[in-house]
2 protein chains.
Amino acid sequence: MNEEQSIDKNSVIPIYYQLAKLLESQILHGELKPGEALPTETEIANRFEISRMTVRRAIAELITAGMVHAQQGKGTFVSPPKLNNVVFELNNFNQEIKDFGLKLSTTLLGAHIVRADERLMRIFQLDSSTTRLLYFRTVVSAEDERLAYERKYTIYSKSKPILESNLQDPTLSGLVTANNDVLPVSTKKVLQVSVTTAEEAAILGIGVNAPVFVIEETLYDLENKPVGWSKSIYRGDRYQLTGYDGWLRKDNHGGINLG
Amino acid sequence: MNEEQSIDKNSVIPIYYQLAKLLESQILHGELKPGEALPTETEIANRFEISRMTVRRAIAELITAGMVHAQQGKGTFVSPPKLNNVVFELNNFNQEIKDFGLKLSTTLLGAHIVRADERLMRIFQLDSSTTRLLYFRTVVSAEDERLAYERKYTIYSKSKPILESNLQDPTLSGLVTANNDVLPVSTKKVLQVSVTTAEEAAILGIGVNAPVFVIEETLYDLENKPVGWSKSIYRGDRYQLTGYDGWLRKDNHGGINLG
DNA sequence: GAGTGGTCTAGACCACTGA
DNA sequence: CAGTGGTCTAGACCACTCG
């Protein structure tokens with residue numbers, strides 16, 4: 001045992017990266033178990049004849065990855081794998097379909113100027129119903145199959161006519177920036193499940209009471225003021241979200257991997 | 001304008017943290033716009049009479065937060081806010097209910113030893129149906145209202161009797177560690193939407209064809225071998241996921257906030 | 001008090017960019 | 001070529017933990 005693994009100081013791969021991978025490997029192979037302490041920073045620095053700052057940089061990588069945690073005055077310890085913090089990336093929703101080789105197309109159902117009703121006044125924090133909003137309805141399809149129905153609203157401050165360019169970037173963010181001078185800087189999405197209404201079923205070409213994902217998105221500007229809102233539904237039989245957590249093996253066996 | 005904001009070198013708050021917040025503030029107030037370059041690291045170091053390494057530490061915070069990106073040989077630039085990478089943390093599912101003040105309770109519907117059928121053999125990558133599995137069915141309730149129905153499986157290697165302690169940690173991870181000597185180190189969750197079957201509706205006390213979240217979780221050990229699997233359904237009218245992205249204001253006005 | 005991690009310095013050399 | 005960020009060093013002092 002204890003075959004001293006080594007660091008190549010002359011490699012193009014940074015020392016901190018080599019050391020981080022070495023420590024990660026020891027943890028993934030069970031040589032360092034959850035709760036056990038890593039060697040102290042000074043010990044590691046002496047053993048590999050590198051600077052303590054470089055050791056700290058390596059350990060910082062592991063801390064970010066959630067594999068170890070440091071306690072001032074005590075030491076650095078292997079963390080038990082966190083399994084309760086799975087995150088679902090919403091990218092997948094349309095991205096995975098593209099990766100699957102299908103072409104997505106967006107069809108415009110309608111673009112209207114509307115005045116704010118009570119619900120929209122609340123969402124956009126308006127105190128007057130005279131504010132004009134752009135109401136934009138689209139359907140996302142893949143290979144002639146309709147997958148999602150999206151209803152988007154944005155404050156319509158420009159007096160320009162509605163631009164056809166809206167369809168080039170049919171995201172809510174694109175719609176907002178195309179029709180306003182504000183820069184959306186943050187977003188909030190709420191995911192719920194529901195079943196189709198008669199109208200939604202007809203638009204998607206599926207049955208009534210079919211299960212769907214519902215996503216409400218709100219875009220905010222620098223002042224934290226809502227500048228865009230959308231409610232979209234996605235066919236439940238065509239979409240799913242996948243998430244991971246814990247000590248993930250990114251499996252960097254072979255291949256070039258620069259930090 | 002250009003009122004020189006300052007750094008207190010004698011503060012208990014680290015210099016890198018003060019500088020990071022200062023730069024972040026300039027970005028959030030629009031003084032530095034997306035695409036614009038930050039002052040060079042040397043410039044910042046000279047202006048505040050601090051070490052370049054400390055400047056780099058501050059900028060590293062902003063890079064992690066996704067607000068800036070560095071390009072070797074060119075400079076460090078303000079990034080446009082990323083709005084397409086919303087992540088939903090599954091914590092919320094039961095956590096928010098607790099935060100709301102309700103008490104969650106888990107009721108055991110049944111705990112059986114079963115042999116692997118074809119589906120379970122595939123899930124657990126087994127080549128023999130003689131492997132014994134523990135099948136664990138529970139219902140999660142809040143204030144006498146049933147919210148979720150969970151079906152969990154784990155390889156049952158110990159010859160111990162089924163422990164009552166399983167109910168103390170009713171998570172899949174807890175079930176696996178209580179009945180095996182393996183340590184689950186990573187997890188995969190797939191989220192889908194569906195509607196209740198007659199059996200599920202009866203167990204949850206709601207109608208048939210009601211919308212529900214379906215979450216299938218697989219737990220893996222160090223060798224990437226499945227050691228636990230569960231399929232759970234959550235009432236669609238009681239659960240939702242919320243996610244954020246972009247330049248988030250964590251709003252640290254007042255209050256103690258140590259980096 | 002000895003030992004730990006947390007911060008900070010003032011340099012050094014490198015890789016990359018663009019004129 | 002000058003200027004940028006990327007890595008690394010060999011120290012220093014501090015805050016914290018625990019005996």
Side-chain angles (χ1 to χ4, degrees), chain A residues 6-23 27 32 34-79 256-259, chain B residues 6-23 27 32 34-79 256-259:
Chain A
S6 63
I7 299 276
D8 180 0
K9 290 215 228 180
N10 298 320
S11 167
V12 291
I13 300 173
I15 296 175
Y16 77 87
Y17 187 82
Q18 296 181 52
L19 178 56
K21 286 301 171 192
L22 194 160
L23 293 170
I27 293 173
L32 286 168
E36 290 183 3
L38 272 65
T40 68
E41 297 174 350
T42 311
E43 270 179 43
I44 297 176
N46 291 339
R47 182 180 316 170
F48 295 104
E49 296 179 295
I50 58 180
S51 164
R52 191 185 144 215
M53 284 297 279
T54 304
V55 175
R56 282 184 61 73
R57 173 75 194 271
I59 291 178
E61 303 273 314
L62 300 184
I63 291 176
T64 300
M67 300 188 70
V68 307
H69 59 279
Q71 285 180 261
Q72 187 170 152
K74 296 184 69 175
T76 304
F77 304 88
V78 179
S79 304
I256 298 173
N257 195 338
L258 302 180
Chain B
S6 63
I7 299 273
D8 179 359
K9 290 214 224 178
N10 297 320
S11 166
V12 290
I13 300 174
I15 297 175
Y16 78 85
Y17 187 81
Q18 296 180 52
L19 178 56
K21 286 301 170 191
L22 195 160
L23 292 171
I27 294 173
L32 286 168
E36 291 183 2
L38 272 66
T40 68
E41 297 174 351
T42 310
E43 269 179 44
I44 298 176
N46 291 339
R47 181 179 318 170
F48 295 103
E49 297 179 294
I50 58 181
S51 164
R52 190 185 146 217
M53 283 297 278
T54 304
V55 176
R56 282 184 61 74
R57 173 74 194 272
I59 291 178
E61 303 273 315
L62 299 183
I63 292 176
T64 300
M67 299 187 71
V68 307
H69 59 278
Q71 284 179 260
Q72 186 171 147
K74 297 184 69 177
T76 305
F77 305 87
V78 179
S79 304
I256 298 172
N257 194 337
L258 304 180

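Order of the sequence lines sets the chain letters (A, B, ...), proteins ahead of strands, with each chain counted from 1.
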Fill in: Donor-acceptor pair, side chain of Q18(B) and main chain of I13(B), under 3.5 angstrom
yes

Item to complete: Start with the C-alpha distance between T54(A) and L19(A), add both sets of side-chain angles, then the distance that settles side chain to side chain contact (heavy atoms under 4.5 Å, CB included), and finish with yes or no.
Response: CA-CA 9 Å; T54(A) 304; L19(A) 178 56; 5.8 Å; no

Discussion item. Output the rounded distance in Å from OH (Y16(B)) to C1' (dG5(C)).
Written reply: 12 Å

Worksheet item: Using a cut-off of 4.0 Å on non-hydrogen atoms, how would the nucleic acid contact of R57(B) be classed: base, sugar-phosphate, or nothing?
Response: sugar-phosphate

Item to complete: Could you tell me which non-hydrogen atom of E61(A) sits nearest to which non-hydrogen atom of A20(A), and how far apart they are?
Response: CB-CB, 4.1 Å

Practice prompt. Check the pair I27(A) / V68(A) against side chain to side chain contact (heavy atoms under 4.5 Å, CB included), numbers first and verdict last.
Written response: CA-CA 9 Å; I27(A) 293 173; V68(A) 307; 3.8 Å; yes

Worksheet item: Which part of the nucleic acid does T42(A) contact within heavy-atom distance under 4.0 Å: base, sugar-phosphate only, or nothing?
Response: nothing

Worksheet item: Over how many whole Å does the gap from F48(B) atom CZ to dT9(C) atom C1' extend?
Response: 17 Å

Fill in: Shortest non-hydrogen contact from Y16(B) toward A58(B)
O-CB, 3.3 Å

Item to complete: Looking at every strand, decide which applies to I59(A) at a 4.0 Å heavy-atom threshold: base, sugar-phosphate, or nothing.
Response: nothing

Practice prompt. Calculate the interatomic distance between L38(A) atom CG and dG5(C) atom P; express it in whole Å.
Written response: 9 Å

Worksheet entry | Spacing of Y17(B) atom OH relative to dC8(C) atom C1', expressed in whole Å | 18 Å

Worksheet item: Do you know the tightest heavy-atom contact between T42(B) and R52(B)?
Response: OG1-CD, 4.3 Å

Response to the item:
Separation of dC8(C) atom C1' from I13(B) atom CD1, nearest Å, is 16 Å

Item to complete: Take the protein atom CD1 of I7(A) and the nucleotide atom C1' of dC8(D), then report the distance between them rounded to whole Å.
Response: 13 Å

Practice prompt. Identify which nucleotide among dG6(D), dC8(C), dT9(C) has an atom closest to any side-chain atom of E41(B), counting heavy atoms from C-beta outward.
Written response: dG6(D)

Fill in: Minimum heavy-atom distance T76(A)-A70(A), with the two atoms named
OG1-CB, 3.9 Å

Discussion item. Using C1' atoms of five pairs at each end, report the bend of the helix from dG1(C)-dC18(D) to dG18(C)-dC1(D) rounded to 10 degrees.
Written reply: 10°

Worksheet item: How long is the span from the NZ atom in K9(B) to the CZ atom in F48(B), to the nearest 0.5 Å?
Response: 11.0 Å

Worksheet item: Once you round it to whole Å, what is the distance between P of dT7(D) and CG of N10(A)?
Response: 17 Å

Worksheet item: Does T54(A) have a side-chain nitrogen or oxygen under 4.0 Å from the phosphate oxygens OP1 or OP2 of dT9(D)?
Response: yes

Item to complete: Hey, could you give me the CD/CG distance between E43(A) and L38(A), rounded to the nearest 0.5 Å?
Response: 10.0 Å

Worksheet item: Checking all strands, does I15(A) fall into the base, sugar-phosphate, or nothing category for heavy-atom contacts under 4.0 angstrom?
Response: sugar-phosphate

Discussion item. What's the closest nucleotide to the side chain of R56(A) if the choices are dT7(C), dG6(D), dT9(C)?
Written reply: dT7(C)

Fill in: Spacing of D8(A) atom CG relative to dC8(D) atom P, expressed in whole Å
11 Å

Discussion item. Across nucleotides 11-19 of chain D, 5' to 3', mark each nucleotide with B, S or - according to how protein heavy atoms within less than 4.0 Å reach it.
Written reply: -B--BBSS-

Practice prompt. With the side chain counted from C-beta on, respond yes when T64(A) and T64(B) share a heavy-atom pair under 4.5 Å apart, and no when they do not.
Written response: no

